[in-house]
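See below for the structure under consideration.
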Amino acid sequence: MTAADVDEVAAIESRVQSFPWTRKNFADGLAAGYRGWVVRRMGAMLGFALVMDAPDMAHLLVIGVRPDAQRQGVGERLLRRCIDHCRQAGLPALTLEVRPSNERAIAFYRRHGFAQVGLRRGYYPATQGREDAWIMTLALAADAA
C-alpha cells in the first residue's frame, strides 16, 4: 500500500465497516511507517491490510475486502502476507481486535490459527454506545521463516 492507494482503500473501508477508518487515518498510518498491502485484479483494488510493528509482535490494525470480492481468497491472501511479514521481521506473533458480533471474521481468524487471548471493554463505537473487542493472537514459531 502506498499513498497513491489511500483513496481506493478508504472507499473499500467505507463499504465494509459501520464505523470506517478515514482517508486521513490511512494516510497517517503510512506516514508513521505502518506496513500495508493491497490486492488488485486487472487493476481493480479488491482488498487491503495495514499492520503496525512493535518490538514483540505485529498488530493487524485493519483488513478489508470489497463486498463483491469476498469469499474469493482475497482476505486469506492478505492475511498470509501479514503473517509472512511477521516471520521476515522476526516478530513472534500477530495480534488484532475484532468485534464479538463479527462471527464471520472470528471464524476466519480461527481457521488461520488465531486464538482469543483477551478482551477490551467498550473498544469499538456502536450504533448504541460501545462494543467490546476480542483480542486475538497468532503465535508464530520462532524458527518458521
Side-chain angles (χ1 to χ4, degrees), residues 1-54 57-140 144-145:
M1 183 188 305
T2 69
D5 296 317
V6 169
D7 286 334
E8 287 176 280
V9 167
I12 293 171
E13 172 77 351
S14 70
R15 291 178 64 195
V16 298
Q17 295 295 336
S18 301
F19 298 89
W21 277 39
T22 66
R23 181 193 189 291
K24 183 173 179 353
N25 292 139
F26 287 106
D28 288 350
L30 290 175
Y34 299 168
R35 305 289 183 128
W37 299 275
V38 298
V39 171
R40 290 183 180 276
R41 184 181 302 138
M42 297 177 57
M45 186 179 296
L46 303 180
F48 63 88
L50 190 66
V51 170
M52 176 182 69
D53 291 351
M57 70 175 55
H59 190 146
L60 177 55
L61 298 170
V62 62
I63 186 169
V65 176
R66 229 173 54 189
D68 62 340
Q70 292 177 2
R71 298 203 176 272
Q72 296 177 25
V74 176
E76 182 172 350
R77 185 171 170 192
L78 286 162
L79 186 59
R80 290 204 182 283
R81 180 62 189 97
C82 296
I83 293 166
D84 289 345
H85 164 73
C86 290
R87 288 187 170 130
Q88 291 166 2
L91 296 169
L94 178 61
T95 192
L96 57 89
E97 289 87 14
V98 62
R99 292 174 186 268
S101 63
N102 192 343
E103 295 173 3
R104 199 165 136 198
I106 290 168
F108 172 78
Y109 294 126
R110 283 187 171 149
R111 276 195 313 275
H112 291 88
F114 284 78
Q116 182 184 2
V117 298
L119 180 75
R120 294 192 200 282
R121 297 235 177 255
Y123 185 78
Y124 288 111
T127 304
Q128 295 182 0
R130 310 275 307 168
E131 183 176 358
D132 295 342
W134 280 12
I135 302 167
M136 297 185 80
T137 297
L138 174 67
L140 302 168

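Along the sequence shown, residues carry numbers from 1. Everything numeric in this text was worked out from a predicted model, so none of it was measured.
Not one N or O on the side chain of Asp53 forms a donor-acceptor pair closer than 3.5 Å with the backbone of Ala58. Checked by atom type and distance alone, the side chain of Asp84 never pairs as donor or acceptor with a backbone atom of Arg81 at under 3.5 Å. Checked by atom type and distance alone, the side chain of Asp5 pairs as donor or acceptor with a backbone atom of Thr2 at under 3.5 Å.
Using a 4.5 Å heavy-atom threshold, the side chains of Val51 and Cys82 count as touching. No side-chain heavy atom of Val16 sits less than 4.5 Å from a side-chain heavy atom of Val65. Annotation: side chain of Phe114 is in contact with side chain of Leu96 (closest heavy-atom distance under 4.5 Å). Trp21 places a side-chain heavy atom less than 4.5 Å from the side chain of Phe26. Residues Arg87 and Leu140 form a side-chain contact, since some pair of their non-hydrogen atoms from C-beta on lies under 4.5 Å apart. Arg40 places none of its side-chain heavy atoms less than 4.5 Å from the side chain of Leu46. Side chains of Leu119 and Ile135 form no contact here, defined as non-hydrogen atoms less than 4.5 Å apart. Side-chain contact check for Met45 versus Ile12: some heavy-atom pair is nearer than 4.5 Å.
For the atom pair Phe19 CZ and Ser14 OG, the distance stands at 14.0 Å (nearest 0.5 Å). Considering CD of Glu103 and CZ of Arg110, their distance stands at 10.0 Å, rounded to 0.5 Å. Going from atom CG of Leu79 over to atom CZ of Arg111 covers 10.5 Å, rounded to the nearest 0.5 Å. For the atom pair His85 NE2 and Leu94 CG, the distance stands at 9.0 Å (nearest 0.5 Å). A distance of 10.0 Å separates CE in Met52 from OG1 in Thr95, rounded to the nearest 0.5 Å.
For an aromatic pair to be called close, the ring centres must be under 6.0 Å apart, and Phe48 with Trp37 fails this.
Shown are Leu138, Leu60, Asn102; of these, the side-chain contact (heavy atoms from CB on, under 4.5 Å) with Tyr109 is made only by Leu60.
Sorted by first and then second residue, the pairs that involve residues 59-77 and meet side-chain hydrogen bond (donor to acceptor under 3.5 Å, both in side chains), not counting sequence neighbours, are Arg41-Gln72, His59-Glu97, Arg66-Asp68, Gln70-Arg104, Glu76-Arg80.
When all heavy atoms of Tyr34 and Leu50 are compared, the closest pair comes out as CB-CD1, 3.9 Å. Across Ala49 and Met1, no two heavy atoms sit closer than the pair O-CE, 3.6 Å. Closest non-hydrogen pair, Arg130 versus Tyr123, comes out as NH2-O, 2.7 Å. Closest heavy-atom contact between Val98 and Ala105: CG2-CB, 3.8 Å. Here the shortest heavy-atom pairing between Gly47 and Leu78 reads C-CD1, 3.7 Å. Contact between Ala93 and Thr137 at its shortest, heavy atoms only, is CB-CG2, 3.9 Å.
Electrostatic pairing of Glu131 and Arg121 does not count as a salt bridge here, judged by no charged N lying under 4.0 Å from a carboxylate O. Electrostatic pairing of Asp7 and Arg23 counts as a salt bridge here, judged by a charged N lying under 4.0 Å from a carboxylate O.
Every residue two or more places apart in sequence or in another chain that forms a ring pair (Phe, Tyr, Trp, His ring centres under 6.0 Å) with Phe108 is listed here: His112.
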